[in-house]
Participant: 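Quick one: this structure, given as structure tokens, is what I'll be asking you about.
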Amino acid sequence: MKKILFPTDFSETAENAFVHALEFAKIVNGELILLHSFELPVYDAQFFPENYGTVYDSLQLSQFDMFKDEIPKLHAIADARNLNHIKMSHRLMDGNLLYNIKNAIKEENIDFIVMGTSGATGWEAFFLGTNTGNVLNAVDVPVLSIPLEAKFKKIETIGFTTRYRTKDKKALKEVLKIAIKTNAKVKCLYVQTNNSDVDASTIKEWEEDFQGEPVQFSIIPSEEVQDTIADFILFKGIDILAMLTYKRNFFVELFKPSLTQRFSNKLTIPVLALHE
């Protein structure tokens, strides 16, 4: 059984992502580990040494009480979607969110992370800013990121961007495993720029290797990589976009929008980031 870590702050964004986490757990036959991470404020004990411990105990208790009150709401969401059979466990951790996520990955042997993201108005902000962006660049397990605007719907088409590298082929095979379980098609996109170094024989080899699989390959010549991917998502009816993360500077260059694009390109579908 796959283990899925779901970090939550019990916000509207997290609640929306929780629905996706439940449905994803159903697809991959997984269980959910709900993580609520909080950071206590730093106080100088010398200013109130007598009640220093009491202050911290009170703050921790308030976090526990909130956690205890919110968990039944999540179980109610699962009941309403007939997904109450999905196993759920809970972790309440004090400290930095990213540090706690990395600890949970190690201690729980996590296979996937599902988390909500909000306020990302451009591709650069989505991948390089916000807590989600920080997690994408710091962990080595797949991360399914859910924008607030992405309401769950049946997964019928998965987009996958590629540069026809060996590591891409391995990632595509993982995406196909998910696609087969949900009876979805995978539409694979290669944006061919003037600097592209992929030859025709490599493309033909891929098509032969994946013959008979529910995957279609598209090659679009363009220097506007970001806009081409956005158009591909729109016109191909993509429900989830899967991407293989390279190094951080890959995202800096690939998803760096212009000033006019910064507020117009907003991701409104889930993004599954796979790692090398």
Side-chain angles (χ1 to χ4, degrees), residues 1-8 16-35 74-75 77-89 104-105 108-117 132 135-136 139-147 150-162 166-189 206-218 229 232-233 236-245 267-276:
M1 180 174 286
K2 300 294 184 181
K3 288 192 173 184
I4 302 165
L5 184 67
F6 176 68
T8 178
N16 178 62
F18 179 65
V19 174
H20 290 261
L22 282 169
E23 296 286 353
F24 188 71
K26 176 183 176 182
I27 292 171
V28 301
N29 186 29
E31 62 177 278
L32 295 179
I33 294 92
L34 278 58
L35 168 67
L74 298 182
H75 282 277
I77 292 173
D79 289 340
R81 302 188 70 87
N82 295 318
L83 293 174
N84 50 5
H85 62 281
I86 302 294
K87 181 180 177 181
M88 284 188 275
S89 56
I105 290 173
E108 301 281 358
N109 295 316
I110 297 298
D111 298 293
F112 296 95
I113 297 174
V114 179
M115 63 188 300
T117 184
T132 307
V135 172
L136 283 171
V139 303
D140 57 2
V141 299
V143 179
L144 180 59
S145 307
I146 314 295
K151 305 308 177 184
F152 180 81
K153 63 178 182 178
K154 186 179 185 303
I155 301 172
E156 297 181 343
T157 307
I158 302 174
F160 179 77
T161 61
T162 183
T166 301
K167 61 188 71 174
D168 294 35
K169 185 178 290 187
K170 179 181 178 182
L172 179 55
K173 290 178 180 179
E174 293 302 312
V175 172
L176 280 167
K177 290 179 182 178
I178 296 172
I180 290 171
K181 289 180 179 179
T182 189
N183 197 30
K185 294 180 179 179
V186 177
K187 295 187 177 180
C188 193
L189 170 67
W206 272 58
E207 292 175 345
E208 292 175 350
D209 286 348
F210 289 99
Q211 189 173 7
E213 300 284 359
V215 58
Q216 301 173 359
F217 294 96
S218 296
I229 296 174
F232 183 79
I233 291 171
K236 294 293 185 178
I238 303 300
D239 299 311
I240 288 182
L241 179 66
M243 314 179 75
L244 179 66
T245 63
L267 288 174
T268 57
I269 63 169
V271 176
L272 177 61
L274 303 157
H275 295 272
E276 295 184 55

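All residue numbers refer to positions in the sequence shown, counting from 1.
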Participant: Testing the basics here: between Ala150 and Asn16, what is the closest heavy-atom pair and its distance to 0.1 Å?
Facilitator: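 Shortest heavy-atom separation between Ala150 and Asn16 comes out as O-ND2, 3.1 Å.
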Participant: Within the 4.5 Å heavy-atom criterion, are Val215 and Lys185 side-chain neighbours or not?
Facilitator: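 Result no, sub-4.5 Å side-chain heavy-atom pair not found.
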Participant: CG/Leu83 to CE/Met88 distance, rounded to the nearest 0.5 angstrom?
Facilitator: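 Output value for this atom pair is 9.0 Å.
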Participant: If I take atom CD1 from residue Ile240 and atom OG1 from residue Thr157, how far apart are they, to the nearest 0.5 angstrom?
Facilitator: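 Separation between the atoms: 10.5 Å.
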Participant: Taking atom CG of Leu272 and atom CZ of Phe24, what is their separation to the nearest 0.5 Å?
Facilitator: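 So the CG of Leu272 and the CZ of Phe24 are separated by 6.0 Å.
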Participant: Within the 4.5 Å heavy-atom criterion, are Ile146 and Phe18 side-chain neighbours or not?
Facilitator: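 Sidechains of Phe18 and Ile146: no contact.
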Participant: Hey, are the side chains of Asn29 and Lys181 touching, using non-hydrogen atoms and a 4.5 Å cut-off?
Facilitator: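 Sidechains of Lys181 and Asn29: no contact.
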Participant: More than 12 foreign heavy atoms under 6.0 Å from CG of Asn183: is that the case here?
Facilitator: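 Counting neighbours around CG of Asn183, 12 or fewer heavy atoms of other residues, nucleotides or ligands fall under 6.0 Å, so no.
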Participant: Quick check: closest heavy atoms across His275 and Val143, and the distance to 0.1 Å?
Facilitator: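 So the two residues come closest at NE2-CG2, 4.3 Å.
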Participant: At what distance, to the nearest 0.5 angstrom, does OG1 of Thr161 lie from CD1 of Ile238?
Facilitator: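 One finds 10.5 Å between OG1 of Thr161 and CD1 of Ile238.
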Participant: Is it the case that atom NZ in Lys2 sees more than 12 heavy atoms from other parts of the structure closer than 6.0 Å?
Facilitator: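 For Lys2, atom NZ is not crowded (no more than 12 foreign heavy atoms under 6.0 Å).
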Participant: May I have the step-by-step check of side chain to side chain contact (heavy atoms under 4.5 Å, CB included) for Thr162 and Leu172, ending in yes or no?
Facilitator: CA-CA 9 Å; Thr162 183; Leu172 179 55; over 6 Å; no
Participant: Would you say the side chain of Cys188 lies within less than 4.5 Å of the side chain of Gln216, judging by non-hydrogen atoms?
Facilitator: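 No, every pair of side-chain atoms sits at 4.5 Å or beyond.
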Participant: Quick one: are Ile269 and Pro147 in side-chain contact, heavy atoms under 4.5 Å?
Facilitator: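 No. Closest side-chain heavy atoms not under 4.5 Å.
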Participant: Would you say Asn84 and His75 make side-chain contact, with heavy atoms under 4.5 Å?
Facilitator: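 No, every pair of side-chain atoms sits at 4.5 Å or beyond.
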Participant: Would Lys169 and Trp206 satisfy side chain to side chain contact (heavy atoms under 4.5 Å, CB included), going step by step from the backbone distance to the final call?
Facilitator: CA-CA 8 Å; Lys169 185 178 290 187; Trp206 272 58; 3.6 Å; yes
Participant: Against Ile110, only a single residue in Ile33, Ile4, Val139 fulfils side chain to side chain contact (heavy atoms under 4.5 Å, CB included); can you say which?
Facilitator: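 Going through the options one by one, the only one that passes is Ile33.
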Participant: Just wondering, do Pro214 and Leu176 contact through their side chains at under 4.5 Å, heavy atoms?
Facilitator: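 A side-chain contact exists here, since the closest heavy-atom pair is under 4.5 Å.
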Participant: According to the interplanar angle, ranging from 0 to 90°, do the rings of Phe217 and Phe210 count as parallel (below 30°), tilted (30 to 60°) or perpendicular (above 60°)?
Facilitator: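 Rings of Phe217 and Phe210: tilted, 30 to 60°.
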Participant: Could you tell me whether the side chain of Asn109 and the main chain of Lys3 form a donor-acceptor pair under 3.5 Å?
Facilitator: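 No, because the side chain of Asn109 does not come within donor-acceptor range (under 3.5 Å) of the backbone of Lys3.
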Participant: How many angstroms lie between atom CG of Leu241 and atom CG of Leu189, to the nearest 0.5 angstrom?
Facilitator: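 Separation between the atoms: 9.0 Å.
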Participant: If you compare all heavy atoms of Val175 against all heavy atoms of Phe160, which two are closest, and at what distance to 0.1 Å?
Facilitator: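 Between these two residues, the closest heavy atoms are CG2-CD1, 4.0 Å.
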Participant: When rounded to the nearest 0.5 angstrom, what is the spacing between NZ in Lys173 and NZ in Lys170?
Facilitator: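 The NZ atom of Lys170 is 10.0 Å from NZ of Lys173, to the nearest 0.5 Å.
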Participant: So, for Lys187 and Lys236, which heavy atoms are closest and what is the spacing to 0.1 Å?
Facilitator: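 Between these two residues, the closest heavy atoms are NZ-O, 3.5 Å.
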Participant: Does Glu156 offer a backbone N or O that forms a donor-acceptor pair with the side chain of Asp239 under 3.5 Å?
Facilitator: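 Confirmed, Asp239 side chain pairs with Glu156 backbone.
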Participant: Hey, are Glu23 and Lys154 close enough for a salt bridge, meaning a charged N less than 4.0 Å from a carboxylate O?
Facilitator: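 Between Lys154 and Glu23 there is no salt bridge, as every charged N stays at least 4.0 Å from the carboxylate O atoms.
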Participant: In this structure, are over 12 heavy atoms from other groups packed under 6.0 Å from Lys26 atom NZ?
Facilitator: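 No.
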Participant: Please walk me through it: do Leu5 and Leu32 pass side chain to side chain contact (heavy atoms under 4.5 Å, CB included)?
Facilitator: CA-CA 6 Å; Leu5 184 67; Leu32 295 179; over 6 Å; no
Participant: Ignoring hydrogens, what is the shortest heavy-atom contact between Pro7 and Val114? Give both atom names and the distance.
Facilitator: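 Closest pair (atom of Pro7, atom of Val114, distance): CD-O, 3.3 Å.
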Participant: Has the side chain of Asp168 got a donor or acceptor atom that lies under 3.5 Å from a matching backbone atom of Leu244?
Facilitator: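 Between the backbone of Leu244 and the side chain of Asp168 there is no qualifying donor-acceptor contact (under 3.5 Å).
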Participant: Is the shortest heavy-atom distance from the side chain of Ile105 to the side chain of Val141 under 4.5 Å?
Facilitator: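 Heavy-atom side-chain distance check passes, below 4.5 Å.
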Participant: Where is the tightest heavy-atom contact between Gly159 and Phe232, given as atom of each residue plus distance?
Facilitator: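 Nearest pair, atom of Gly159 first, then Phe232: CA-CE2, 4.5 Å.
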